[in-house]
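The structure displayed is predicted, hence computed values, not measured ones. Along the sequence shown, the residues carry numbers beginning at 1.
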Amino acid sequence: MEFTTLREKIAHEKQARIAKHAEFEALLSVAHAKGLEAGRDCRPIPMHVIENNIPIACIDDGACGFAWVAFPGNTVWGKWAKKKGIARPHYPKGLCVWVSEFGQSVDRKAAYAGAFAQVLRNAGIDCYANSRLD
C-alpha cells in the first residue's frame, strides 16, 4: 500500500495497531473464560495429609502448586501483554501469564493454563502451559 504522505502512513498504522490490540483483548477474554471453565471442570485427586500413620487432613483440591503460560516476549502479543500488565518476565527467557485462580490447587491451575494456552495456539501464538508442585 502506498501513501501520499507520512501522516497518512502513520494514521493507517495506528488504526491497524488499534485493531490488533482489540483482537488481543477479545482473545484474552476467550482464553480466560476457557481457562476458568477447564479449572472448574477439573476433578483433582484429593491429597491426604498423614503424620505417624494418622490421617490429619484431606485436601479436596489436591496438591499445592503453580501454573503459567509462557511465550516469547519479542512478539506483538508478548509486547502487548507486557504493556497491559498481563505478562511478567519468565526464566530463562520470554514472558508468562501467571495463573492466580483456583487457590493452591495445582491440578486446577494446570487445567486453566492448558486451556488458556490452547486458545492462544489456535490463534497462532507460540506458547506452552507449565506447572510445578509447591
Pairs flagged by salt bridge (charged side-chain N to carboxylate O under 4.0 Å, His left out) wherever residues 31-40 is involved - sequence neighbours left out: none

For the hydrophobic clusters of this structure (ILVMFWY residues joined by side-chain heavy atoms under 4.5 Å, transitively), does one cluster hold both V99 and L120? yes

Could you list the residues that satisfy side chain to side chain contact (heavy atoms under 4.5 Å, CB included) with N122, not counting sequence neighbours? Q118

Students often mix this up, so state it plainly: with edges at 30° and 60°, are the rings of W77 and W80 parallel, tilted or perpendicular? tilted

Between A113 and V69, what is the shortest heavy-atom contact and its length? O-CG2, 3.5 Å

Heavy-atom count around I18 CD1 within 6.0 Å, excluding the residue itself: above 12? yes

In Å, rounded to the nearest 0.5 Å, how long is the span from CG of L28 to CD1 of I86? 4.5 Å

So, using side chain to side chain contact (heavy atoms under 4.5 Å, CB included) as the criterion, who are the partners of I56 when residues are at least two apart? V49, E51

dist F3:CZ -> H12:NE2 (nearest 0.5 Å) comes out at 4.5 Å

Looking only at heavy atoms, the pair that brings P55 and I50 closest together is CA-CG1, 4.2 Å

What about V76 and V97, same hydrophobic cluster or not, with Ile/Leu/Val/Met/Phe/Trp/Tyr joined at side-chain heavy-atom distances under 4.5 Å? yes

Closest heavy-atom contact between C58 and P46? SG-CB, 3.9 Å

With sequence neighbours excluded, give me every salt bridge (charged side-chain N to carboxylate O under 4.0 Å, His left out) pair touching residues 16-27. K20-E23, E25-K84

For the atom pair CD (E13) and CG (L6), what is the distance rounded to the nearest 0.5 Å? 8.5 Å

Enumerate the residue pairs fulfilling side-chain hydrogen bond (donor to acceptor under 3.5 Å, both in side chains) with a member in residues 93-109, sequence neighbours excluded, ordered by first and then second residue. D61-R108

Stepwise, does the side chain to side chain contact (heavy atoms under 4.5 Å, CB included) test hold for N130 with F66? CA-CA 9 Å; N130 209 343; F66 309 97; over 6 Å; no

CG on L95 to CZ on F71, rounded to 0.5 Å: 5.0 Å

Which value, rounded to the nearest 0.5 Å, describes the distance between W68 atom CH2 and Y112 atom OH? 15.0 Å

Trace of the side chain to side chain contact (heavy atoms under 4.5 Å, CB included) decision for I125 with L27: CA-CA 11 Å; I125 296 171; L27 182 63; 3.5 Å; yes

List for me each residue that meets side chain to side chain contact (heavy atoms under 4.5 Å, CB included) alongside A111, sequence neighbours excluded, and say none if there are none. A38, C42

Rounded distance (nearest 0.5 Å) linking atom CD1 of I45 with atom CG of D60: 13.0 Å

